[in-house]
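Chain letters run A, B, ... following the sequence lines, proteins first and then strands; every chain starts at 1. Worth knowing before you read on, the calculation uses all heavy atoms, side chains too, and leaves out hydrogens, waters and symmetry mates.
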There are 2 protein chains.
Amino acid sequence: MSTIGKALTLLDAVSRLEKDVGLTEIARHCGLDKATARRFLVELEKHGFVEQDPETRRYRIGGAPVRLARIREARFPYLSTAAPFVRELAEASGETVHLSEYAAGRLSTILVEDSPRANRVIVDVGSVLPFHATASGLAFLAFCSARQLEDVLSAPLEAFTENTVTSANDLRSLLAETARRGYSVCLQGLESGVISTAAPIKAPNSLPIGTIAVAAPLVRADEATIHRLGSTTAATAKRISEKFFGLEQLAAQPLARRAG
Amino acid sequence: MSTIGKALTLLDAVSRLEKDVGLTEIARHCGLDKATARRFLVELEKHGFVEQDPETRRYRIGGAPVRLARIREARFPYLSTAAPFVRELAEASGETVHLSEYAAGRLSTILVEDSPRANRVIVDVGSVLPFHATASGLAFLAFCSARQLEDVLSAPLEAFTENTVTSANDLRSLLAETARRGYSVCLQGLESGVISTAAPIKAPNSLPIGTIAVAAPLVRADEATIHRLGSTTAATAKRISEKFFGLEQLAAQPLARRAG
DNA sequence: TATTTCGGTTCATTATTTGAACCGTCGCTT
DNA sequence: AAGCGACGGTTCAAATAATGAACCGAAATA
């Protein structure tokens with residue numbers, strides 16, 4: 001792998017670890033030498049992608065991605081367009097709703113609206129969703145290109161719970177059903193006691209750019225409820241897509257670059 | 001410079017260019033060979049930091065920074081804490097208000113709330129603010145460490161307009177005045193016809209982490225007005241800091257890492 | 001149709017990355 | 001308080017990856 005790839009993988013590792021992390025732990029986690037990890041961290045820090053706590057000497061994600069993300073959102077306002085719909089669905093359903101974005105071959109959680117209930121599902125912002133074991137992943141796979149699907153199926157399907165679907169054939173029939181229905185249902189595929197449903201947010205070329213999902217504790221999710229939530233979710237996804245790609249058409253504003 | 005540094009500099013260049021950019025333009029802009037630029041772009045694309053439009057083959061900032069930014073904001077919610085105050089100040093002043101964050105030795109605009117007026121100042125999200133020629137920069141310099149100040153003063157001070165302060169001595173006295181007053185004033189330092197005022201948002205160690213600024217067209221900004229706006233801005237900055245670093249104390253929630 | 005420009009690729013040359021061993025410091029245990 | 005182990009950080013010869021001039025085909029331009 002190239003040096004850049006290794007450095008970005010290290011950055012990814014830092015982003016996955018909870019809280020701040022020390023040099024040795026980062027190096028171990030990436031299978032890199034301590035000296036190498038340190039050089040990468042110094043370089044990433046110079047550019048603001050990580051920062052080091054001057055007191056504890058531990059590292060965390062820095063401020064530079066905030067700027068890049070704001071630039072991207074200004075040109076491609078996926079998150080901000082979807083946010084009100086996510087809130088609306090969370091209120092309507094009373095359950096935790098989360099939004100994901102597809103980038104670099106992965107589906108990442110970029111927004112979570114918690115259920116107000118005491119017994120609720122917790123989803124972390126920034127978490128990466130396994131394709132075969134989450135409603136979001138299934139919703140994505142059911143509508144993505146054959147190429148992307150085969151990429152996922154070519155890797156082994158990890159069993160997170162005893163209910164995780166780990167057979168490629170079972171997965172394919174689940175996806176066919178999802179495609180027919182317009183929304184996916186995942187029964188405790190990643191976490192026991194959690195049922196979720198999701199729908200793809202599609203670009204005009206009909207390929208999904210992300211998903212919206214509702215996750216409920218098993219006790220509140222009987223069959224009828226989950227399908228009611230599923231179709232609401234699919235309708236919401238469609239509305240997000242229309243709003244977003246309606247806005248997209250406008251674009252193209254030649255703005256001044258500076259002002260004090 | 002290390003390969004990583006070069007790649008991140010290239011990423012920065014892409015982020016500064018308007019819209020999507022082609023390979024040759026990126027390479028030229030970074031002083032890199034076309035082949036090298038391409039290798040960097042391919043590597044950055046693999047990790048979602050840039051994406052290539054399949055049709056035009058031009059490059060733009062990708063989705064990966066969004067995830068990283070959301071993770072950072074979840075742990076260090078500077079932007080989301082400040083946002084309501086920025087809106088409030090924009091409404092109260094009727095002028096364009098922007099928020100900046102200090103990272104990697106630069107002050108970057110991460111939020112802009114536009115004035116409702118037809119004749120208003122435009123500030124781009126993502127723009128980098130020169131320290132000596134913007135109210136935000138002056139507010140930062142007036143309160144930052146001596147080390148950081150000397151770094152800025154050691155570089156030549158570019159003249160953006162005929163009013164830009166380019167003498168280190170003049171700048172020092174401006175900063176002394178700013179420190180005394182608690183807010184900075186910049187008279188057409190970056191763009192003719194624009195007057196702005198800013199105040200630092202300080203961490204508990206009293207070093208600034210960013211700034212909040214109000215920018216008004218010259219015609220609406222007489223001396224009394226600008227000083228009234230300045231003290232409101234300073235008060236707002238103080239409130240953001242208190243809210244944010246009050247919240248900081250709480251922190252430390254051990255969340256579950258997954259849920260479908 | 002001729003010409004330029006662009007995105008992308010190749011491969012011998014060159015410069016950078018690598019990591020085992022090392023240092024000093026901190027926190028813990030004995 | 002003395003000894004131990006773990007940590008962050010550094011060094012330099014050996015190993016490996018980055019580099020860029022020249023090249024290709026396609027598409028815009030003249």
Side-chain angles (χ1 to χ4, degrees), chain A residues 1-62 75-76 103-105 145 147 205 252, chain B residues 1-62 75 104-105 145 147 205 252:
Chain A
M1 194 194 293
S2 75
T3 308
I4 298 168
K6 282 180 257 182
L8 296 180
T9 301
L10 179 146
L11 181 60
D12 188 67
V14 173
S15 79
R16 285 159 172 275
L17 297 167
E18 312 288 314
K19 305 245 149 194
D20 301 359
V21 272
L23 171 60
T24 306
E25 188 177 350
I26 293 171
R28 185 161 17 93
H29 215 269
C30 306
L32 290 173
D33 186 89
K34 215 166 34 133
T36 304
R38 171 129 225 287
R39 272 191 307 272
F40 288 178
L41 285 164
V42 167
E43 213 59 39
L44 288 167
E45 184 174 31
K46 270 187 202 156
H47 290 78
F49 285 84
V50 301
E51 63 185 27
Q52 185 179 34
D53 188 303
E55 196 174 325
T56 67
R57 303 209 157 197
R58 295 162 88 87
Y59 298 86
R60 70 174 84 98
I61 297 296
R75 296 183 197 171
F76 190 82
S145 72
R147 180 84 176 72
N205 65 6
Chain B
M1 194 194 292
S2 75
T3 307
I4 298 169
K6 281 180 258 180
L8 296 179
T9 303
L10 180 147
L11 181 62
D12 188 66
V14 172
S15 79
R16 284 159 173 276
L17 297 167
E18 312 287 313
K19 304 242 145 202
D20 301 359
V21 273
L23 172 60
T24 306
E25 189 176 349
I26 294 171
R28 184 161 19 92
H29 216 269
C30 306
L32 291 173
D33 185 87
K34 214 166 35 127
T36 304
R38 170 127 225 286
R39 273 192 305 272
F40 288 179
L41 286 164
V42 167
E43 214 58 43
L44 289 167
E45 184 174 30
K46 272 188 203 158
H47 290 79
F49 285 83
V50 302
E51 64 185 24
Q52 184 179 33
D53 189 303
E55 196 173 326
T56 66
R57 302 207 158 196
R58 296 162 87 87
Y59 299 86
R60 71 174 84 97
I61 296 297
R75 298 184 196 170
S145 71
R147 179 86 176 70
N205 64 7

Asker: Is the closest basic N to carboxylate O distance between B:Glu43 and B:Lys46 below 4.0 Å?
Answerer: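 B:Lys46 and B:Glu43: salt-bridged.
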
Asker: Is any side-chain N of the basic residue among B:Asp20 and B:Arg60 closer than 4.0 Å to the acidic one's carboxylate O?
Answerer: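 Counted as a salt bridge, because a side-chain N and a carboxylate O are separated by less than 4.0 Å.
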
Asker: Do B:Leu10 and B:Tyr59 have side chains that get closer than 4.5 Å, going by heavy atoms?
Answerer: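 Answer no - side chains too far apart.
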
Asker: Rounded to whole Å, how long is the line connecting atom CE of A:Met1 with atom P of D:dA18?
Answerer: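 Value for this atom pair: 11 Å.
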
Asker: Does D:dA18 have OP1 or OP2 sitting under 4.0 Å from an N or O in the side chain of A:Thr3?
Answerer: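 Looking at the OP1 and OP2 atoms of D:dA18, one of them is under 4.0 Å from a side-chain N or O of A:Thr3.
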
Asker: To the nearest 0.5 Å, what is the distance between CD1 on A:Ile4 and OG1 on A:Thr9?
Answerer: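 A:Ile4 atom CD1 to A:Thr9 atom OG1 measures 11.5 Å (nearest 0.5 Å).
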
Asker: Measure the spacing between CZ of A:Arg58 and NZ of A:Lys19 and express it to the nearest 0.5 Å.
Answerer: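 Output value for this atom pair is 10.5 Å.
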
Asker: Please give me every residue in residues 33-55 of chain A whose heavy atoms get under 4.0 Å of an atom in DNA chain D, ordered by residue number.
Answerer: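 Correct list: A:Lys34, A:Ala35, A:Arg38, A:Gln52.
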
Asker: Which residues pass the side chain to side chain contact (heavy atoms under 4.5 Å, CB included) test with B:Ala13, sequence neighbours left out?
Answerer: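 In terms of side chain to side chain contact (heavy atoms under 4.5 Å, CB included), with neighbours along the sequence ignored, B:Ala13 is linked to B:His29, B:Cys30.
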
Asker: Give a yes/no answer on whether the side chain of A:Tyr59 brings an N or O atom under 4.0 Å of OP1 or OP2 in D:dC7.
Answerer: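 Checking A:Tyr59 against D:dC7: no side-chain N or O falls below 4.0 Å of OP1 or OP2.
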
Asker: Expressed in angstrom and rounded to an integer, what is the separation of A:Arg58 atom CZ from D:dC7 atom C1'?
Answerer: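 Distance, rounded to whole Å: 10 Å.
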
Asker: Both A:Ser2 and A:Leu23 contact DNA chain D. Which one's nearest nucleotide lies toward the 5' end?
Answerer: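 Closer to the 5' end of DNA chain D: A:Leu23.
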
Asker: Compare every heavy atom of A:Leu32 with every heavy atom of A:Lys6, then report the nearest pair and how far apart it is.
Answerer: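 So the two residues come closest at CD-CD2, 4.3 Å.
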
Asker: Answer whether the closest heavy-atom distance between the side chains of A:Leu11 and A:Ile61 falls below 4.5 Å.
Answerer: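 Touching, per the 4.5 Å side-chain cut-off.
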
Asker: Need two values: the first and the last nucleotide of DNA chain C, 5' to 3', having an atom under 4.0 Å from any heavy-atom of chain A.
Answerer: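 Nucleotide range with atoms under 4.0 Å of chain A: C:dT17 to C:dA20.
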
